[in-house]
Amino acid sequence: MQSDLNSNSMISFKKVSKIYEPGKEVALKNVSFAVTEGEFVCIVGPSGGGKSTILKIIAGLEKESAGTVVKPEGISMVFQSGALLPWLNVFENVALGLKAQKLPDGKIREECRKYIEMMGLNSLEARYPRELSGGQKQRVGIARALSVNPTVLLLDEPFSSLDPKITEELHKDIVKIWKETKKTIVMVSHLIEEAVSLAERVILVKNFTIKKIFPITLTRPRRENEAAFAHEVIQVRREFFE
């Protein structure tokens, strides 16, 4: 296991384990890593190996059984399906978090329209989730997560059900948002190529712990047909399948 804890971390896990009672099913064991402010990190690994549990602990959806977790306030999460409320239109879904903060109506409209425009949803404000494509739903989910100005943005395999063209477009959007907002982003992916394309570091989780952490130093934009990109993918893939 590799760790990289330091005093300047935005998020840190130190010897964190998660065990579900009463069957004592292990979900994580002795996990240590850190994410610095403004970093884009992607967690990959086999299904059921623990990567989603790490994200849920950061989000506050799960509680660690042992170890120490340090994380900031203000964490937003984008789920696989967008997780939109079907009885609310696009604007109303994006406004959910802002309304929970009891902001003035004018401020809610201002912030919603800012992120609706950022995600290319201007003409779709009045549409309901049933009237949206999969890619549009994810754009709404991202706009909603960003609207509350989170310190950390979590992405839970957000592109796994989308076609390649839409996925590529959203990859570009996420990188642009990360550069412009300087948000700390932690993403879970089941695709090594996606992780190498997006992240500054790729964390490989296997058998409920961290197998290895890979720094990705490729220049942007990253192109999958280049030898340097293929080399990084091979390094992760070798450990993934070992």
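Quick caveat, the model's predicted, so the values are computed rather than measured. Values reported hereafter were calculated over all heavy atoms of this structure, with side chains retained and with hydrogens, waters and symmetry mates removed.
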| Could you walk me through whether E39 and R201 pass the side-chain contact (heavy atoms from CB on, under 4.5 Å) check? | CA-CA 8 Å; E39 190 176 15; R201 283 189 302 147; 2.5 Å; yes
Could you tell me the separation between the [atom1] atom of [X] and the [atom2] atom of [Y], rounded to the nearest 0.5 Å?
X    : Y    : atom1 : atom2 : answer
L121 : I142 : CG    : CD1   : 9.5 Å
F91  : I116 : CZ    : CD1   : 6.0 Å
S32  : I213 : OG    : CD1   : 9.5 Å

Please name the pair of heavy atoms, one in [X] and one in [Y], separated by the smallest distance, quoted to 0.1 Å.
X    : Y    : answer
G135 : I166 : CA-CG2, 3.7 Å
E200 : G38  : OE1-O, 4.0 Å
I19  : S65  : N-OG, 2.9 Å

| field | Steps toward salt bridge (charged side-chain N to carboxylate O under 4.0 Å, His left out) verdict (E169, K165) | value | CA-CA 6 Å; E169 290 174 1; K165 182 176 183 299; 2.7 Å; yes
| query | Would a distance-only check, ignoring hydrogens and angles, find a side-chain to backbone donor-acceptor pair under 3.5 Å from K183 to L153? | reply | no
| field | Side-chain donor or acceptor of D173 paired with backbone N/O of M119 under 3.5 Å | value | no
Flag side-chain contact, heavy atom, 4.5 Å: [X] against [Y]:
X    : Y    : value
F13  : I57  : yes
Q80  : S161 : no
L146 : M118 : yes
K107 : L98  : no
E92  : N89  : yes
L155 : I174 : yes
T151 : I75  : no
T36  : M10  : no

| What's the verdict on side-chain contact (heavy atoms from CB on, under 4.5 Å) for E193 and R237, showing C-alpha distance, side-chain angles and the deciding distance? | CA-CA 9 Å; E193 290 83 358; R237 189 181 298 276; 2.5 Å; yes
| field | From CA spacing to verdict: salt bridge (charged side-chain N to carboxylate O under 4.0 Å, His left out), K211, E242 | value | CA-CA 10 Å; K211 176 73 180 297; E242 184 181 67; 2.8 Å; yes
| task | Please step through side-chain contact (heavy atoms from CB on, under 4.5 Å) for the pair L218 and E226, ending with a clear verdict. | result | CA-CA 10 Å; L218 301 172; E226 293 182 348; over 6 Å; no
| said: Is there a side-chain contact (heavy atoms from CB on, under 4.5 Å) between M187 and E194? Walk through the geometry before answering. | reply: CA-CA 10 Å; M187 174 176 164; E194 179 174 70; 3.2 Å; yes
